[in-house]
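All values reported here derive from a predicted model rather than from experimental measurement. Computation of the quantities below employed the complete heavy-atom set of this structure, encompassing side-chain atoms and omitting hydrogens, waters and symmetry-equivalent molecules. In what follows, chains carry the letters A, B, and so on, assigned in the order in which the sequence lines appear, proteins first and then strands, with residues in each chain numbered from 1.
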Amino acid sequence: MKHKLEVYEQKRRFDETPEPRGRTARRSARPREGEGSFVIQRHDARRLHYDFRLELDGTLKSWAIPKGPSLDPTVKRLAVHVEDHRLEYGSFEGRIPEGSYGAGTVAIWDHGVWRPEGGLRGAREGYAQGKLKFTLEGERLHGGWTLVRSPMHDGKQESWLLIKQRDDEAVPEDEFHVVSDERAASNASNASKVSKVSKASKKRARASNEAEVAGVRITHPERVIDAQSGLRKIDLVEYFEAISAWLLPHVQGRPVALARAPKGVGGELFFQKHAKALQIPHATQHAGLDPGHAPLLTLESTEALVGAAQMDTIELHTWNALAASIEKPDRIVFDLDPDPSLPWERMLEAAQLTRELLDALGLRAWCKTSGGRGLHLVVPLTRHAGWEEAKDFARAVASHMAATLPERFSAKMGAQNRKGRIFVDYLRNNRGASTAAAYAPRARPGLGVSVPVDWDELHTLTSGDQWNVANVRERLEALRTDPWSGYEKARQRITAAMWKQLGGK
DNA sequence: GCGAGCG
DNA sequence: CGCTCGCAACGCACG
DNA sequence: CGTGCG
Ligand SMILES: [Mn+2]
Ligand SMILES: [Mn+2]
């Protein structure tokens, strides 16, 4: 106990604060035998909370309650056990200056008498054992209360819960809105009826708030994730399910980066490459590929795609290597990013020109819309080179384009460098970098989709996002041949001759 | 969307 | 309990 | 060099 007070005094510099210095003398008008004083101070500090203090054995046992007490017996309020305070502190109100521990303002929110069940002995035992039952007689709070130590107390501070007991002083607020009609109809305050109604309404709410697709529980299926198209979460989920046969060949075996948007397009978007446990339902984990991190992920099945969608994955980006040969990329990607002011025709020409350079080098490339503003050129490779060589080679190609056609291409990122031109983004060929996969949606208004195209149809393309989650099905149904035929069979490598043509390393 | 950390 | 916070990561452009 | 962007 003495120790606790010392800790407190160390945290405070008494000469700088208006709080009372502890004195050993005096003690004001005492409550009756078996009772003690209590106080709740509203403490507007770095974080607003309520300090709940019970007098016991000459000191104030103290808890910080972030949300303050609730009169609803079904509500448990976290009460973090904090240092004992001196009795004198119970009457403190005022400002704790900046720079002092607990800086902010303190106001007495309630005070009065607490009467522990079992008297003084009950209080001591309850406090030691982590379960205090007591009655409060304050100005705001009355009736029975329970303060229990939560089984989960990790490390320094104990977590307790403050709960109102069910008595006449309790004010149930649970489901107030849902139940209020019922209550008005029959003015009987029938607790069991209320709880039945609330249970039923919760069940109903869950039923309409959940769906099941490919064995995966889908929460909030009706939530609109893109205002522009009006598409809902369930539409995205069903898109992934329907596109599965087309999409899986492009993601299976490859570590992914998921771009997730729990609040939909326009909300916060974050990437996720790693996950512990089965945080993404049905995803496959690959521990050890990325040292110092949780396992990398691959998506191998329809269930995994749907699982990702349940977790609000919109974009699916893949590495340029398989998990099984993580140090040997099996392709390089050129991401053609146009200055937004350029006419689309320049974009098509750029793709064709890039293709011609690659062709001259002896490399076949395949093209897809990005689902956004541009196009992606994908060059499959046998798994012969390391990341360093693949990246250097991609940079050499981009630099060559920029050097030969500087009015059209830039190999430097940054809006400045791209002005009036197309940035050949070769940076997606670094280890750990990734590019939106074929048939993956993009987290942009309209939910564009990256779609593989045949070179023969290049001239018919109208934009990088001409296909989207809503209309790509039409495209696929109309297809007579695989636009990427030959891709799987390609066996090509980066050779010394290519380097020579590009002007050496 | 969800687990971890924290008050 | 209930809130808030991560959830990639790194070369490159710019100052 | 540090900082911020993509
Ligand atoms: Mn406090
Ligand atoms: Mn792009």
Tabulate protein N/O versus nucleotide N/O from nucleotides 4-9 of chain C, keeping only pairs under 3.5 Å, one per line.
unit_1	atom_1	unit_2	atom_2	d
C:dA8	OP1	A:K273	N	3.0
C:dA8	OP1	A:H274	N	3.4
C:dA8	OP1	A:H274	ND1	3.3
C:dA9	OP1	A:H293	NE2	3.2

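Here C:dG2 presents its C1' atom at 9 Å from CZ of A:R77, a figure rounded to the nearest Å. In this structure, CH2 of A:W160 is placed 17 Å from P of C:dC1, rounded to the nearest angstrom. Rounded to a whole Å, the CZ atom of A:R444 is 12 Å from the C1' atom of D:dG6. Note: CG (A:D312) to P (B:dG3) measures 14 Å, nearest angstrom. When the P atom of C:dG11 is taken as reference, atom NZ of A:K391 falls 7 Å away, rounded to whole Å. With rounding to whole Å, A:Q416 atom CD is found 15 Å from D:dG6 atom C1'. The CD1-P distance, from A:I218 to B:dC2, rounds to 10 Å in whole Å. Here the C1' atom of nucleotide B:dG7 and the CG atom of A:L162 are 15 Å apart, to the nearest Å.
Heavy-atom neighbours of A:R408 CZ from other residues, nucleotides or ligands within 6.0 Å: above the threshold of 12.
Salt-bridge check for A:R254 with A:D330: passed, with a basic side-chain N closer than 4.0 Å to an acidic carboxylate O.
Residue A:N417 places at least one side-chain N or O under 4.0 Å from the OP1 or OP2 atom of C:dC14. Using a 4.0 Å cut-off, some side-chain N or O of A:K233 falls inside it from OP1 or OP2 of B:dG1. The side chain of A:Y426 contributes no N or O atom lying less than 4.0 Å from OP1 or OP2 of D:dG6. Within the 4.0 Å cut-off from OP1 or OP2 of C:dC12, at least one side-chain nitrogen or oxygen of A:R395 is found. Taking 4.0 angstrom as the limit, A:K67 places none of its side-chain polar atoms (N or O) nearer than this to OP1 or OP2 of C:dC1.
Which of B:dG7, C:dG11, B:dG1 sits closest to the side chain of A:L427 comes down to C:dG11. Across C:dC1, C:dC14, C:dC12, the shortest atom-to-atom separation from the side chain of A:L161 is found for C:dC1. With B:dG7, C:dC14, B:dG1 as the choices, the nucleotide that has an atom nearest any side-chain atom of A:V80 turns out to be B:dG7. Closest to the side chain of A:P66, from the set C:dC1, B:dG1, B:dG7, is B:dG7.
The separation of D:dC1 from C:dA9, taken at their P atoms, amounts to 24 Å, rounded to a whole angstrom. For the C1' atoms, the distance from C:dC5 to D:dC5 is 22 Å, rounded to whole Å. Comparing the same atom, P, in B:dA4 and in C:dA8 gives a spacing of 14 Å after rounding to whole Å.
Under the 4.5 Å side-chain criterion, counting only non-hydrogen atoms from C-beta, A:F38 is in contact with A:F52. Using a 4.5 Å heavy-atom threshold, the side chains of A:T105 and A:R95 count as touching. Annotation: side chain of A:W467 is not in contact with side chain of A:Y439 (no heavy-atom distance under 4.5 Å).
A donor-acceptor pair under 3.5 Å links the side-chain atoms of A:T313 to the main chain of A:A308, judged by distance alone. In this structure, the side chain of A:Q466 does not engage the main chain of A:L461 through any donor-acceptor pair within 3.5 Å.
Within 4.0 Å (heavy atoms only), A:R223 reaches sugar-phosphate atoms of the nucleic acid but no base atom. A:M311 comes within 4.0 angstrom of the backbone, heavy atoms only, and of no base. At the heavy-atom level, A:K276 lies nowhere under 4.0 Å from the strands shown.
Interatomic distance, CG of A:L305 versus CG of A:L236, reported as 10.5 Å (0.5 Å rounding).
Judged by distance alone, the side chains of A:T318 and A:H250 never bring a donor and an acceptor atom under 3.5 Å apart.
Base pairing of C:dA8 is not made with any nucleotide, judged by Watson-Crick or G-U wobble geometry with both donor-acceptor distances under 3.5 Å.
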